[in-house]
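Naming: A, B, ... by sequence-line order, numbering from 1 per chain. Just so it is clear, the model here is predicted, and its values are computed rather than measured.
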Amino acid sequence: MSILDLFRDYTLRNVALGAMVLGIVSGILGCFAVLRRQGLLGDALSHAALPGIAIAYLLTGSKAPIVLLLGAGIAGWVGTLVINRIVRDTRISEDSALGIVLSVFFGVGILLLTYIAKRNDANQAGLDRFLFGQAATLVATDVLTMSILGGLALGCLVLLYKEFKLLAFDPAFAASLGFPPNRLGILLTSLIVVAIVIGLQTVGVVLMAAMLVGPAVAARQWTHRLSVMLVLSGVFGASAGIAGTMLSLGQQHVPTGPMIILSLTAIVTISLLFAPARGLVWAKIRQNHSLNNEPRNREIQPAKGE
Amino acid sequence: MNASAKPLAIHDLTVAYQDKPVLWDIDLSVPTGVLAAIVGPNGAGKSTLIKATLGLMPVAAGTVEMFGQPYAKARRMVGYVPQRSSVDWDFPTNALDVVLMGTYGQLGWIKRPSKADREWALHCLEQLAMADFAQRQISQLSGGQQQRVFLARALAQRAQLYLMDEPFVGVDAVTERAIISLLQQLRSDGKTVICVHHDLDSAPEYFDWVALLNVRMIAAGPMKTIWTPENISQTYGGRTQSLIRGAA
Amino acid sequence: MSSTFAIILTGILVAAACASLGCFLILRRMAMLADAISHAILPGLVAGYFIAQGPSLLAGFFGAALAGLITVGLVELLKNTQRVGGESAIGIVFPAMFALGTFLVSKYYADVHLDADAVLYGNIEFVGFDHWYLGETDLGPQSLWIMGCLCLINLIFISVFYKELKLATFDAGLAATLGFSPILIHYGLMAVVSITTVGAFTAVGAILVVALMIVPAATAYLLTDRLPWMIGLAIAAGAIAAVAGFGLAFMLNGSVAGAIATVTGVEFGLALLFSSKQGLVARAQRLARQRIQFAADTLLVHLLQHEGSPDAAHESTIDHLQSELQWNNKFAQRVLDLAQRRSLVRCQGQQLELTTSGRERSQQVLQLGRG
């Protein structure tokens, strides 16, 4: 398998392109989820999207990706609202609310999918590919749909970059300036739902969480600027997508989704260990170094943990 | 802008936090050009008063007006300094970028800051002797330097009225002096500043106007007339006589 | 034993084993960590399969428990580097483990019945088939025995370490000073969660283990303030969901596990709406009641603040209240009615004044607010 095959082989090109689009979109949007400490929201929402797919099929009888993905998007969005409501109005913690929505919505999804499967209706085959994603089945129209949806979400992000940045850093200050943090937060979450919808076909509900969190965490280690972090995160996501595609399609029986995630995990590990400023290896070396020298008066003290 | 209107006029303000009242029937009217401190014990609702004023908390009853208008219309005349601990300082951004956020309100939706805005932000950092740190990642600043960045951001708002939540908490001596000279500069420019302040010793030294708060407004007015042992002990429930040195 | 009965009984045992642990997971805010473990045990199972050269109960349990603990350890490690937030750490570790497991399964065991979707949503429908035999005697379905043991282990774990768990859950600092290591309790709990997940996943699948751990416990948390009651209610809610879920699955001819999770969701929804203390309906009613009560207190405090001041006459007219306190006509009238009915306020034409008991009440209110 070589890079050249990516351009020659039609199937391979679609899969690689699809994985790349997903990597870019989820990498960039995931930065905001991670910075707002909502890294697991994506996990909950991707599971919550499953019943939407089943209901969309039951209502329309159509398996057109756009119909199913619309159902997934709506279900994910309902999941967001339920989580917000539980956290706001009861004593149940956010962590538990995520777990509740994740597992119940997923259970409903499984119930409906098995119900559909046993109705003896020949048309249903393939709905379960959203569970694990089947990147290998991506065709050109899928990639086009993904690109358009992702492009819209990223366009929205570019337009409101300043507002989202302020929201992520200091929501109270944003509110005092007249930018409503609640509505901006819901909009941002909706964009993340779009990224999830794109990812369902490629990596599936279970691994989607990593596509949002991984690139962002890796990118954060290399830079102190949000704009650079967004670009890097998109690049890391895309690289993991392409690497995963090449690793899986070269051999038999190896699914693409898990290989994308494993490639991503490698990028995250390397970044955490070796990124120039924040790399743990350098921190360890510096620590040993300063232990060997006399402690100096440092003008700048890190403000961690305040 | 209505020149005769008070920078801040609060009338009968009652604020409840999750069914529990935390501020009762607050009346407060702050004149132009003063450095005002809001002083009171822990849990007195000092920060809540600032937040409710800015519409960051729902108000159960009463009215708040700034320069004769509700806050939604007076936003651009108001600068806000939240508590330093309210944000994650590990956020990937530098000091200049944070200060630039002060211009976002004037810019409105979607529009990006221009080169002139960046120069203005740098100028605001200079006012707090922080120009050398403009490009520094905010987690690598000391607590006092972070506080100065927050003040520079408020300065960048080009406001007439500044609301500051505990600006002196946990800062070094250099920063403390920088903040004081900034406050005095603002006063001489005819701006009005209202700070939540918890240190009884320094309050009469730094501020010329005071509001004593403990769930309700105990007393408010010029420091000289309000800063009496009776008022202070009424605010603190008579428990902290020994703390009050500066009281007239 | 009929296979239907075996399925239902297994469901009840899974529910009891999961829901009792779930109470501590909910209270310790570790629901998502349990979710992470449920996914991350996959590579452990594969490793167990590899070492034992085939399906082996013991190797599977051991591998899965180890994988669970490794997951918890990795999450802690990432968090402690201060480079990654706690929730992001979870979001990195468990997909990596699950992806590794899926990769190993599809690469080396593509032909074996260890496929990932069975891990995700299980096959409780088949629990009647695998029986254990002692010599010639049929001991009954294997899953029933496994879940029975796990249920027993969990209940013993909780009752033996009840005091320690409770203390470490509500006051980790105190627990540490008293000599109970919160870290040991943390890992102990996670180990039990891991083996429970393994035991239950063959029956209901990984994600529905999470449903049974988290949702009945959260339902119980909405219904009671006492921990022993919470554990009891959680087990009951889980068991009811197991039975009702089986019925629902039968009706729809769908997945039993999915149906059980759906019923736990329905139970939670009912508790969320109608719990007498925490429910949304009760909360809305309470807020409406408190709003009037609170407004009456506001009125009293307002009158007290202006009593005897020069602007008292102006500040205590009914019209003024409407304009300054931002109350509409109807609301102001209701508040006034309440205050007059309790003889806290007297009405003199347009002027309002406090009665003696009104004055006492308003002073009391200010004192309360201060504490």
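- The part of B/Gln157 that comes within reach of chain A is its side chain, from C-beta onward, which places non-hydrogen atoms under 4.5 angstrom from that chain.
- With a 4.5 Å cut-off on side-chain heavy atoms, B/Phe91 and A/Leu226 count as touching.
- Expressed to the nearest 0.5 Å, how far CE of A/Met229 lies from OG1 of B/Thr93 amounts to 12.0 Å.
- In this structure, the portions of B/Ile110 lying under 4.5 Å from any heavy atom of chain A include both its backbone and its side chain.
- When B/Val87, B/Asp88, B/Asp97 are each tested for a side chain to side chain contact (heavy atoms under 4.5 Å, CB included) with A/Phe169, only one passes: B/Val87.
- Comparing A/Leu166, A/Val228, A/Leu160 by how many heavy-atom pairs each has under 4.5 Å with chain B, the most go to A/Leu166.
- Residues B/Pro82 and A/Asp170 are in side-chain contact: their nearest non-hydrogen atoms beyond the backbone lie under 4.5 Å apart.
- Judged by the 6.0 Å distance and 45° axis criteria, B/Arg153 is positioned over the aromatic ring of A/Phe173.
- Contacts between A/Leu230 and chain B at a heavy-atom distance below 4.5 Å are absent for every atom of the residue.
- For the pair A/His224/B/Gln140, a side-chain contact is recorded, criterion being any heavy-atom separation below 4.5 Å from C-beta on.
- No side-chain heavy atom of B/Gln137 sits less than 4.5 Å from a side-chain heavy atom of A/Arg225.
- Of the atoms belonging to A/Ala174, not a single heavy atom falls under 4.5 Å from chain B.
- For B/Val98, the part sitting under 4.5 Å from any heavy atom of chain A is the side chain, from C-beta outward, and nothing else.
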